[in-house]
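Accompanying notes for the structure given below.
Quick caveat: nothing in here was measured; it's all calculated off a predicted structure.
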Amino acid sequence: MELSTLKTALLVRDLGSFAAVARLLDLDASSVSRVIAQLEQDVGFRLFQRSTRSLAPTGEGELYLNRIAPLVEELDAAGDEARTTSVSPRGTLRVTASISFVQECLMPVLPAFRDRYPEIDLEILASDANLDLRADGIDLAVRFGQMPKGDWIVSKLMATSYRVVASPAYLEKTGRPEHPDELSERECIRFAIPGFKTYWQFRERENEDAFSVPVGGATVISNALSIRSAARSGMGVALLPIMLVQRDLDNGTLVDLFPDHACAASSFETAAWLLYPSRSYLPQKVRVMIDFLKEKWG
C-alpha cells in the first residue's frame with residue numbers, strides 16, 4: 001500500500017469528488033477512481049458511498065481515514081525533516097496572493113528567491129478572489145485585511161496603511177479638499193468589495209476615535225492596480241495601500257490629500273497575513289518562503 005494511494009484517499013475525503021482530486025493531481029478522474037477501488041479491495045471494505053450526485057465516506061471509511069490521516073502526515077514530516085539534513089528545499093510550491101501584491105511586491109523579489117532555492121518550482125496564483133487552499137492545493141496564501149478566521153495557521157507578514165490620493169490634474173480641475181468630510185461631494189474611485197465602496201475611515205491621532213465619511217462616484221473597480229491607474233489619469237480620488245502609491249507620492253504623480261490623517265477602509269486593524277493549511281509540521285519549501293517574505297516585507 002503506497003503512501004501516494006493513502007494521500008489520494010484523504011484528498012477524495014477532503015474535496016468530495018474524484019473529479020476535483022483529478023484536477024488537482026493532473027490525472028483522469030477514472031485514474032483516481034481506480035486508485036480508490038484498489039485501496040478498498042486491499043482494506044476489505046468500502047471507503048466511499050458513491051451516487052450520481054455525491055460522494056461521502058462510509059462509516060468504516062470515515063473511521064479508517066481519520067485514523068490514517070495523522071500517520072500519513074507524520075510520514076510526510078519524517079521525509080521532509082530527513083531531507084533538510086542532506087538536500088536543499090525542493091518540490092513545487094503553490095502560492096496565492098492578490099494581483100497587486102504579486103505584481104508590486106512579489107515579482108520584484110522572486111528572482112532572489114529562485115537564486116537562493118533553485119530546486120523549488122513555483123506556481124504563483126495571482127487572484128483577487130480568496131481561493132480555497134485545500135481545494136486548490138495551495139501551500140501558502142497572502143491575504144489582506146483583518147486577521148483571517150478559519151482552520152488555518154495565520155502569521156502576520158506586515159502592517160498595512162492606506163492613503164487617500166488624487167492626481168495633480170484632478171486637483172487643478174476641482175480644487176484640493178481641505179477636510180475628509182468634503183469627499184462626500186467628490187468623485188471617488190471605489191473598490192468593488194464590501195466595506196470599501198460606501199464609507200472611508202479617518203482619524204487624526206492613533207488614540208482618537210475614527211470618523212466615517214460616506215463616499216460615492218461613478219467608477220467602481222475590482223482591482224487595486226486599475227484603481228491606481230484611474231487615479232493617475234485624473235478620474236477621481238482613491239483610497240489605496242501605501243505600498244502601491246509610495247513611488248507616485250515621491251515623484252508627484254499622485255498627491256496625498258490628508259497627510260495629517262490616518263486613513264482606512266473598513267477598519268484600522270488590518271495587515272497582510274500569511275496563511276497555510278493547519279498541520280503539525282511545516283514543509284521545508286513553505287518554511288523558507290515564509291522566512292524569505294518576512295525578510296523582504298516583514
Side-chain angles (χ1 to χ4, degrees), residues 1-96 119-127 129-141 148-154 275-289:
M1 193 177 298
E2 295 184 359
L3 181 60
S4 61
T5 296
L6 300 179
K7 287 182 177 180
T8 300
L10 292 170
L11 281 173
V12 172
R13 179 197 65 176
D14 293 341
L15 302 186
S17 79
F18 293 152
V21 174
R23 285 193 297 271
L24 182 61
L25 300 179
D26 197 21
L27 298 171
D28 294 329
S30 59
S31 299
V32 177
S33 179
R34 285 194 297 272
V35 168
I36 298 303
Q38 182 60 56
L39 178 57
E40 289 175 329
Q41 184 176 334
D42 292 341
V43 299
F45 53 84
R46 200 170 185 82
L47 292 171
F48 297 98
Q49 188 65 44
R50 304 149 172 87
S51 72
T52 55
R53 293 189 175 183
S54 65
L55 182 149
T58 62
E60 298 90 341
E62 186 74 31
L63 288 172
Y64 178 78
L65 294 169
N66 287 344
R67 188 67 179 268
I68 69 167
L71 303 178
V72 170
E73 189 169 298
E74 283 299 315
L75 287 171
D76 260 352
D80 192 67
E81 289 175 4
R83 283 189 291 272
T84 62
T85 65
S86 58
V87 298
S88 60
R90 63 180 59 194
T92 299
L93 178 64
R94 290 169 60 85
V95 179
T96 185
E119 295 186 78
I120 294 180
D121 295 329
L122 289 171
E123 292 187 20
I124 308 299
L125 289 78
S127 174
N130 287 340
L131 303 182
D132 188 311
L133 272 63
R134 290 192 179 90
D136 293 305
I138 294 168
D139 298 298
L140 183 66
K149 298 178 180 179
D151 185 23
W152 319 111
I153 304 298
V154 180
L275 278 71
Y276 51 93
S278 177
R279 58 183 66 179
S280 60
Y281 80 102
L282 187 61
Q284 188 186 20
K285 63 184 179 180
V286 181
R287 183 168 57 250
V288 296
M289 175 58 88

(request) Check Leu275, Val95, Leu133 against Ile138 for a side chain to side chain contact (heavy atoms under 4.5 Å, CB included) and give me the one that passes. (result) Leu133
(request) Could you grab the distance from atom NZ of Lys7 to atom CD of Glu73, nearest 0.5 Å is fine? (result) 10.5 Å
(message) Once rounded to the nearest 0.5 Å, what's the spacing between atom CG of Leu93 and atom CD of Gln284?
(response) 11.5 Å
(request) Mind listing the closest non-hydrogen atom pair of Arg90 and Glu119 along with its distance? (result) NH2-OE1, 2.7 Å
(request) Would you name the heavy atoms of Glu123 and Thr92 that are closest together and state the gap between them? (result) OE2-CG2, 3.6 Å
(request) Mind checking the OG1-CD1 spacing from Thr5 to Ile36? Nearest 0.5 Å is all I need. (result) 8.0 Å
(message) Measuring only between side-chain heavy atoms, which start at C-beta, is Leu15 closer than 4.5 Å to Arg23?
(response) no
(request) Say whether, by atom type as modelled, one donor and one acceptor occur between the side chain of Thr96 and the main chain of Ala141 under 3.5 angstrom. (result) no
(message) Donor-acceptor pair, distance only, cut-off 3.5 Å: does the side chain of Glu40 make one with the backbone of Leu47?
(response) yes
(request) Please assess Ile68 against Leu65 for the test side chain to side chain contact (heavy atoms under 4.5 Å, CB included), listing each intermediate value before the final yes or no. (result) CA-CA 5 Å; Ile68 69 167; Leu65 294 169; 4.1 Å; yes
(request) Taking Arg94 for its side chain and Gly137 for its backbone only, find out whether a donor-acceptor pair lies under 3.5 Å. (result) yes
(message) If you define the side chain from C-beta out and look only at heavy atoms, does anything of Tyr276 sit under 4.5 Å from Asp139?
(response) no
(request) Could you please spell out the steps behind the side chain to side chain contact (heavy atoms under 4.5 Å, CB included) verdict for Leu11 and Leu25? (result) CA-CA 10 Å; Leu11 281 173; Leu25 300 179; 4.0 Å; yes
(request) Working to the nearest 0.5 Å, report the span between CG of Leu140 and CH2 of Trp152. (result) 12.0 Å
(request) Apply the test side chain to side chain contact (heavy atoms under 4.5 Å, CB included) to residues Leu6 and Leu39: give CA-CA distance (whole Å), side-chain angles for both, the deciding distance (0.1 Å), then the verdict. (result) CA-CA 8 Å; Leu6 300 179; Leu39 178 57; 4.1 Å; yes
(request) To the nearest 0.5 angstrom, please state how far the CZ atom of Phe18 sits from the OG atom of Ser31. (result) 11.5 Å
(request) Could you list the residues that satisfy side-chain hydrogen bond (donor to acceptor under 3.5 Å, both in side chains) with Ser4, not counting sequence neighbours? (result) Glu2
